[in-house]
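Worksheet: the structure to be examined is printed underneath.
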Amino acid sequence: MTYDKVTVPDDGEPVEVVNEEEDEFVVPDKPIIPILHGDGIGTDVGPAAQKVLGAAAEATGRDIAWMRVYAGESARERYGENLPDDTVNAIREFRIAIKGPLTTPVGAGFRSLNVALRKKLDTYANVRPTYHLDGVPSPVSNPEQMDMVTFRENTEDVYAGIEWEEGTDEVEQVKEFVENEMGFDSTIHDGPVGIGVKPITEFGTKRLVRQAIDYALEHDRDSVTLVHKGNIMKFTEGQFRDWGYEVAEEEYGDEVITEDTLWEERDGEQPDDAVVVNDRIADNMLQQILTRTDNYDVIATMNLNGDYLSDACGAQIGGLGIAPGANFGNSLCLAEPVHGSAPKYAGQDKVNPTALILSGVLMFEYMGWDDAATLVRDAVEKTISTKQVTYDLHRQIEGGEKLATSEYADAIVENIESLA
Ligand code: NAD
């Protein structure tokens with residue numbers, strides 16, 4: 001692959017893909033990892049995370065050959081466009097990458113840069129772990145009960161972007177078709193209307209649910225919960241549930257059992273090494289995460305439910321400054337925090353880089369660098385539990401020490417070195 005305005009580091013090696021579909025790849029001791037610092041506060045949290053992750057790699061006997069790539073504002077300066085081929089090609093070629101947030105430019109002609117990137121890379125699973133770190137203030141009494149990982153489908157649902165604006169010829173054509181040809185007469189009120197279409201496919205559902213089940217099996221989790229509104233949206237969300245169960249029943253043998261089987265055939269007794277697949281209606285699930293937090297483990301759901309649910313889970317364990325994420329395709333990982341570019345804090349060396357740093361933990365786990373992942377998580381926890389925190393947590397912690405983004409990263413690096 002040739003690149004126009006970025007340089008491939010000559011002291012690192014690419015990840016070698018053995019079987020793309022099966023997520024089989026070999027990570028060298030000094031992989032080339034594309035990093036995109038991002039817009040707004042990306043300029044603060046990007047360098048902080050790079051430093052911390054690099055220190056953890058070194059402390060575990062490895063190294064990272066970082067390859068800076070650009071999108072959003074930094075790309076417009078260099079390339080005159082938002083999402084240059086260089087960036088997409090680098091992530092495709094080197095397979096494992098990390099990015100900060102991107103601002104969606106107003107009137108850019110597309111929904112969001114992140115959505116465009118996810119589409120181009122076909123990173124179909126957005127994964128958001130929510131677990132509590134000791135010392136992080138939380139609005140609930142027992143935040144340590146929260147330890148969930150949400151697998152949110154990334155490429156379909158209402159986020160697929162099939163919608164028509166009110167007042168256009170197209171929306172009138174769709175309305176006419178729905179009413180007159182599909183028999184939904186008098187279902188849509190008269191007057192201006194916007195219409196969207198919500199596709200849920202067997203392909204999209206099954207590959208997402210497979211990723212969630214594989215994750216549960218690999219990480220010794222007890223259950224995978226399919227979250228849906230199938231009681232109302234029977235042919236989309238209900239179908240997601242049915243296809244999800246099909247994957248569980250047809251593809252995993254004894255390793256996976258459904259909740260019905262568990263009760264009908266085993267009297268509720270879960271075998272030690274099996275994952276139970278169950279389902280919950282989305283509104284009920286939003287209650288359950290508060291009332292029965294520790295009953296839930298891995299969640300597989302469609303895009304919109306996943307967005308609401310993971311934010312609600314995130315609030316229980318400390319909010320946006322803490323919440324990590326990653327987008328996965330086949331043998332491809334693009335780690336990124338849940339938060340956006342928070343423009344009003346940009347460049348102030350103030351905000352919390354924990355979300356991006358913990359996104360790096362997900363990336364390390366995906367690479368099989370579990371020791372480095374644990375080291376980062378422990379060092380972050382140690383830093384916060386000694387009350388060394390950025391402004392967002394400082395205002396909630398009595399007697400804490402308020403650190404700048406860069407100082408906080410340095411404190412984590414020190415803890416990495418002392419824990420290694
Ligand atoms: P945001 O997440 O950027 O910020 C909302 C608020 O959350 C901030 O004002 C701040 O108080 C807090 N916050 C966020 N990150 C923080 C951190 N690291 N430390 C401390 N506090 C933090 O959401 P927004 O204001 O709705 O969006 C701003 C821009 O980001 C928009 O252009 C949006 O499209 C974009 N966005 C990008 C992504 C992404 O790149 N994945 C995700 C969400 C939003």
Side-chain angles (χ1 to χ4, degrees), residues 35-50 52 69-76 82-83 87 91 97-121 123 125-128 133 136-137 150 152 154 159 161 303-304 306-308 310-311 314-315 317-328 333-360 362-363 380 383-384 389-397 400 402-409 412:
I35 182 164
L36 201 169
H37 286 171
D39 293 331
I41 55 168
T43 57
D44 305 289
V45 298
Q50 187 171 336
V52 168
V69 292
Y70 304 90
E73 206 179 308
S74 61
R76 286 199 296 280
N82 283 302
L83 189 54
T87 301
I91 301 169
I98 183 162
K99 71 174 272 292
L102 294 171
T103 303
T104 294
V106 178
F110 49 79
R111 215 152 280 265
S112 124
L113 266 175
N114 290 297
V115 173
L117 195 54
R118 286 172 198 171
K119 272 198 179 145
K120 281 186 187 241
L121 296 169
T123 44
N126 180 230
V127 178
R128 295 179 172 184
L133 293 171
V136 175
T150 303
R152 171 188 173 206
N154 240 350
Y159 275 53
N303 204 312
L304 185 59
D307 205 15
Y308 296 155
S310 57
D311 264 32
I317 51 93
L320 276 179
I322 302 285
N327 298 293
F328 294 108
C333 162
L334 177 59
E336 64 167 338
V338 172
H339 67 71
S341 57
K344 83 174 179 200
Y345 297 107
Q348 295 177 25
D349 198 16
K350 178 173 180 175
V351 295
N352 194 344
T354 305
L356 186 57
I357 292 169
L358 295 180
S359 303
L362 262 176
M363 180 180 85
V380 168
T383 310
I384 296 175
V389 287
T390 46
Y391 89 101
D392 52 322
L393 298 189
H394 178 258
R395 55 189 173 186
Q396 305 169 61
I397 296 179
K402 184 161 81 174
L403 300 183
T405 312
S406 54
E407 292 169 336
Y408 175 74
I412 297 172

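Remember, it's 1-based here, ligands and their atoms both numbered in the order they're listed. Everything numeric here is computed off the predicted structure, so don't read it as measured data. Just the heavy atoms: all of them, side chains too, but no hydrogens, waters or symmetry mates, feed the values below.
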For [X], take its heavy atoms, then give the atoms of ligand 1 lying under 4.0 Å from any of them.
{"X": "Tyr345", "result": "9 (O), 10 (C), 11 (O)"}
{"X": "Asn114", "result": "37 (C), 38 (C), 39 (C), 40 (O), 41 (N)"}
{"X": "Pro101", "result": "40 (O)"}
{"X": "Glu336", "result": "41 (N)"}
{"X": "Lys99", "result": "40 (O)"}

Backbone, side chain, both or neither: what part of [X] comes under 4.0 angstrom of ligand 1, heavy atoms only?
{"X": "Thr103", "result": "both"}
{"X": "Leu356", "result": "neither"}
{"X": "Asp392", "result": "side chain"}
{"X": "Asn352", "result": "both"}

Is a side-chain N or O of [X] found less than 3.5 angstrom from the main chain of [Y], in a donor-acceptor match?
{"X": "Thr87", "Y": "Leu83", "value": "no"}
{"X": "Asp39", "Y": "Glu73", "value": "yes"}
{"X": "Thr405", "Y": "Lys350", "value": "yes"}

**Report entry** Ser341 to ligand 1, any heavy atom closer than 4.0 Å
**Finding:** yes
Query raised in the report: Is the number of heavy atoms from other residues, nucleotides or ligands within 6.0 Å of OH (Tyr308) greater than 12?
Result: no
**Report entry** Residue, atom name and distance, where the atom is the protein heavy atom closest to atom 37 (C) of ligand 1
**Finding:** Leu102 O, 3.2 Å
Query raised in the report: What residue and heavy atom of the protein are closest to atom 7 (O) of ligand 1, and at what distance?
Result: Leu320 CD1, 3.5 Å
Considering distance alone, does some N or O of [X] sit under 3.5 Å from an N or O of ligand 1?
{"X": "Thr104", "result": "yes"}
{"X": "Ala342", "result": "yes"}
{"X": "Gly340", "result": "yes"}

Query raised in the report: At their closest point, which heavy atom of Lys99 faces which heavy atom of Pro337, and how far apart are they?
Result: O-CD, 3.3 Å
Query - Shortest non-hydrogen contact from Val351 toward Tyr345 - result: CG1-CB, 3.5 Å
Protein heavy atom under 4.0 Å of [atom]:
{"atom": "atom 2 (O) of ligand 1", "value": "yes"}
{"atom": "atom 24 (P) of ligand 1", "value": "no"}
{"atom": "atom 33 (C) of ligand 1", "value": "no"}

Query raised in the report: How about Asp349 and Tyr408: do any of their side-chain heavy atoms sit closer than 4.5 Å?
Result: no
Report summary line: Exactly one candidate in Thr123, Asn154, Val127 meets side-chain contact (heavy atoms from CB on, under 4.5 Å) with Phe328; the answer is Val127
Query - Test: Arg152 and Asp307 ion pair at under 4.0 Å - result: yes
